[in-house]
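Lettering follows sequence order; numbering is per chain, from 1. Given the structure is predicted, the values throughout are model-derived calculations rather than measurements.
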There are 4 protein chains.
Amino acid sequence: MAYYREEQPGDDSRSKRQQILEAAYTIFSQKGYHRATVDEIIALADTGKGTVYNYFNNKEQLFYTLIRERSQPFETALQQASDADMPTLEKLEAMVRLFLKFYKDNASLWRVMMHEIRGFGSEGLSYVKTETRERYREGFNRTIGLLAKVLQEGIDQRLLKEVNVTHASYAFFSVIVALTFQQFIKDVDASAREVTDIFINGLALK
Amino acid sequence: MAYYREEQPGDDSRSKRQQILEAAYTIFSQKGYHRATVDEIIALADTGKGTVYNYFNNKEQLFYTLIRERSQPFETALQQASDADMPTLEKLEAMVRLFLKFYKDNASLWRVMMHEIRGFGSEGLSYVKTETRERYREGFNRTIGLLAKVLQEGIDQRLLKEVNVTHASYAFFSVIVALTFQQFIKDVDASAREVTDIFINGLALK
Amino acid sequence: MAYYREEQPGDDSRSKRQQILEAAYTIFSQKGYHRATVDEIIALADTGKGTVYNYFNNKEQLFYTLIRERSQPFETALQQASDADMPTLEKLEAMVRLFLKFYKDNASLWRVMMHEIRGFGSEGLSYVKTETRERYREGFNRTIGLLAKVLQEGIDQRLLKEVNVTHASYAFFSVIVALTFQQFIKDVDASAREVTDIFINGLALK
Amino acid sequence: MAYYREEQPGDDSRSKRQQILEAAYTIFSQKGYHRATVDEIIALADTGKGTVYNYFNNKEQLFYTLIRERSQPFETALQQASDADMPTLEKLEAMVRLFLKFYKDNASLWRVMMHEIRGFGSEGLSYVKTETRERYREGFNRTIGLLAKVLQEGIDQRLLKEVNVTHASYAFFSVIVALTFQQFIKDVDASAREVTDIFINGLALK
DNA sequence: GATGAATGAGAATTCATTCAT
DNA sequence: CATGAATGAATTCTCATTCAT
């Protein structure tokens with residue numbers, strides 16, 4: 001019935017918030033948390049300074065909101081993949097694929113986040129309480145935990161050696177992150193296969 | 001036996017510099033680069049603020065000097081290990097051991113360093129020029145390059161598969177770093193064996 | 001022996017702090033607490049912004065330090081007067097004289113102080129805790145309490161009616177403050193006599 | 001009996017204005033002028049921010065309108081009392097009663113008002129010009145002037161000593177204000193009698 | 001060389017006010 | 001009229017760096 005959909009009206013009000021989040025994404029990714037200034041963000045978002053503080057309590061909360069909104073779809077997808085009814089090793093590869101894809105897209109910001117997750121709000125100088133920070137840390141650990149769970153499945157099925165799954169999952173995870181941070185990933189599917197293969201079969205020639 | 005000992009004057013001046021570097025190590029490790037203040041450092045070093053600026057041009061140079069002086073012995077040792085006349089896989093494990101030991105001791109500061117190495121001096125606001133920063137990045141890449149070199153040896157000797165050695169060396173490296181950052185390493189020797197084994201032989205049960 | 005005394009050296013280091021306090025006195029008196037800006041204060045004190053924060057934690061503490069340092073000599077003098085061995089009514093007049101003198105000189109700032117003493121630090125947004133504020137309120141009440149004590153003496157000696165001394169002392173005090181705030185006081189001695197006379201003997205013609 | 005009642009439209013528009021004034025009364029009384037925010041006022045008034053600016057030019061004018069509307073009935077009543085045909089001393093007591101009643105009810109806001117009346121519009125930063133402010137100061141002085149007028153009557157009738165009536169009226173006024181601000185007033189009638197008695201007859205035992 | 005008082009550029013945050021709907 | 005999202009001027013406070021002693 002409607003020949004076209006008005007993009008602006010609905011968008012516009014959300015748009016400001018969205019514009020700010022997008023600008024924040026860019027600036028935080030480029031500069032890190034501390035070197036990024038609210039002035040830079042509003043310049044890029046083409047908005048006023050007050051507007052930022054209408055939508056977010058402070059710089060820190062802006063940062064965390066950004067992280068949360070970006071990670072949620074990924075976390076959901078990963079959860080689903082880990083629950084899928086599928087041969088364990090294929091499932092592992094699928095999860096590696098999701099990780100690679102997500103970190104390929106968000107490498108810069110996540111690098112910043114992983115660094116900041118430690119230091120925030122040490123003192124009471126911050127609106128974001130230790131609990132909030134803790135929540136993010138947990139979210140973080142949860143995704144790695146999904147890897148551990150699947151690795152444990154592999155062990156239970158006598159597919160994998162009896163290694164410390166926590167260590168192994170962190171190892172897996174760190175390799176994924178390192179390759180994306182180094183921008184070594186071009187083809188996600190191929191890389192997922194490569195990474196999984198090395199971890200499962202090792203570097204040694206049989 | 002020694003007729004004289006270098007007295008305070010010489011000692012003292014080196015001592016001041018050393019005290020500052022040691023305090024800086026502690027503070028930077030605890031707080032990260034931005035949250036660390038020169039005031040905290042001098043409080044811990046028990047020295048005056050001007051003294052810091054007698055020995056170092058600015059906060060950034062203090063930070064980099066710290067990194068350089070701490071990493072040099074490690075880089076030398078790693079270089080020697082990589083040149084050693086030894087079976088390749090044993091050499092690899094020896095190098096992993098060196099890495100683990102170094103990062104276990106310096107995890108906090110290196111975590112900070114790896115984060116800061118990106119953004120410094122982007123603008124002309126800094127005494128530390130892009131070249132300087134680049135030098136550090138190179139130093140960093142050089143150590144990983146030593147791993148790559150040994151992996152290549154392994155491939156040439158038909159011990160290892162023909163994988164991309166750059167990727168593989170970064171993977172190796174990232175796992176080492178992740179395990180130390182997570183404080184998973186208790187016994188360096190055992191961990192070195194474990195890590196090397198997984199990478200060489202994989203997780204799969206034969 | 002010394003023909004002249006160096007004014008600067010000793011003064012200079014205290015001078016900055018003193019300059020700031022004096023400028024703060026002027027600006028706070030003129031504008032009140034909120035309308036006064038640190039920028040105005042440093043402009044008048046001819047100093048840098050950071051210097052203010054070297055000597056005082058924040059604007060609030062600057063304000064309270066000002067109040068404390070100004071009121072202390074007065075409080076001491078008033079205490080002594082109230083303890084003096086002297087006929088009660090003369091003592092009362094002497095105290096009124098001290099009050100008038102003090103408020104004549106400090107009317108503006110005290111007006112501000114009396115207003116602000118209520119609202120500060122309601123939330124945890126302030127370095128100055130409720131206790132600190134409470135301390136000032138107490139100091140304030142203490143001086144009025146000295147009046148009450150002497151009025152009670154007068155009652156005990158059957159010189160004065162049995163009125164509520166708390167009410168009466170506040171009444172006394174408020175008249176003193178009102179007259180100074182209205183700048184009605186020219187000759188402190190004469191006014192002290194006038195005020196005391198009215199309170200003791202009333203307005204009625206015998 | 002009433003054929004029609006002014007319906008919502010008329011009501012509503014006055015109601016909005018009234019709601020705002022009532023909320024403003026509460027917030028200004030609690031927080032003082034500067035710490036009160038328009039946001040708090042509209043939250044309490046349950047209205048939009050723009051609405052405030054439909055009825056009032058700015059925060060300052062809102063404040064002054066509040067003062068004016070609250071004080072008008074009082075000023076009228078006081079005027080009438082001062083014109084009443086009644087023995088002077090009884091008239092004085094009646095006026096004291098009116099003052100006490102008014103300040104008992106409005107202590108908090110008037111406390112704020114008396115503080116703010118000084119600094120407003122010092123610079124050209126404000127819509128409220130010096131004249132406007134001056135008008136309020138005059139209104140203030142006028143009420144005190146009514147006291148002075150009656151005191152002068154008493155003097156003319158040889159009931160009171162020949163004191164400076166301006167000083168005396170301010171003294172009277174300040175005592176009333178002090179007692180209400182200290183919340184010492186429970187029974188207005190009794191307090192009016194007490195205050196008048198002390199001023200007329202003094203504290204001394206005959 | 002050592003020191004620390006003085007400095008001011010820079011950053012986050014607040015809040016009265018406007019204006020398009 | 002009523003609304004509230006958008007705005008930016010104004011303000012406080014921090015902290016690296018300088019420089020006279």
Atom pair distance, as rounded to whole Å: [atom1] in [X] and [atom2] in [N]:
X: Tyr55(A); N: dT14(E); atom1: OH; atom2: C1'; result: 17 Å
X: Ile42(C); N: dT12(F); atom1: CD1; atom2: C1'; result: 11 Å
X: Ile41(A); N: dG10(E); atom1: CD1; atom2: P; result: 18 Å
X: Phe63(D); N: dC15(E); atom1: CZ; atom2: P; result: 17 Å
X: Arg35(A); N: dT14(F); atom1: CZ; atom2: P; result: 20 Å
X: Ile20(A); N: dA12(E); atom1: CD1; atom2: P; result: 14 Å
X: Asn58(B); N: dC19(F); atom1: CG; atom2: C1'; result: 17 Å
X: Asp39(D); N: dA16(E); atom1: CG; atom2: C1'; result: 9 Å

Identify which nucleotide among [options] has an atom closest to any side-chain atom of [X], counting heavy atoms from C-beta outward.
X: Tyr53(A); options: dT12(F), dA2(E), dA12(E); result: dA12(E)
X: Thr37(B); options: dA16(F), dA2(E), dT17(F); result: dA16(F)
X: Thr51(A); options: dA11(E), dT7(F), dG1(E); result: dT7(F)
X: Lys49(D); options: dG1(E), dA5(F), dT12(F); result: dA5(F)
X: Asn54(C); options: dA16(F), dA2(F), dT7(E); result: dT7(E)

Sub-4.5 Å side-chain heavy-atom contact between Tyr33(D) and His115(D)
no
Taking [X] for the side chain and [Y] for the main chain, is one N or O donor matched with an acceptor at less than 3.5 Å?
X: Thr26(A); Y: Glu22(A); answer: yes
X: Tyr136(A); Y: Tyr64(A); answer: yes
X: Ser71(A); Y: Ile67(A); answer: yes

All side chain to side chain donor-acceptor pair (under 3.5 Å) counterparts of Tyr25(A), not counting sequence neighbours:
Asn106(A)
Partners of Asp39(B) by side-chain contact (heavy atoms from CB on, under 4.5 Å), sequence neighbours excluded?
Thr37(B), Ile42(B), Lys49(B)
Mind checking Ala45(A) for me? I need base, sugar-phosphate or nothing, with any heavy atom below 4.0 Å counting as a touch.
nothing
Under 4.0 Å: is that the gap between some side-chain N or O of Thr47(D) and OP1 or OP2 of dA2(F)?
no
Please figure out whether Ala36(C) or Lys59(B) has its closest DNA chain F nucleotide nearer the 5' end.
Ala36(C)
Would you call Arg17(D) and Glu69(D) a salt bridge, using N to O less than 4.0 angstrom?
yes
Please tell me which of Val38(D) and Gly50(B) maps to the more 5' nucleotide of DNA chain E, matching each residue to the nucleotide holding its nearest heavy atom.
Gly50(B)
Which nucleotides of DNA chain E pair, in dot-bracket form (Watson-Crick or G-U under 3.5 Å, | meaning another strand):
.||||||||||||||||||||
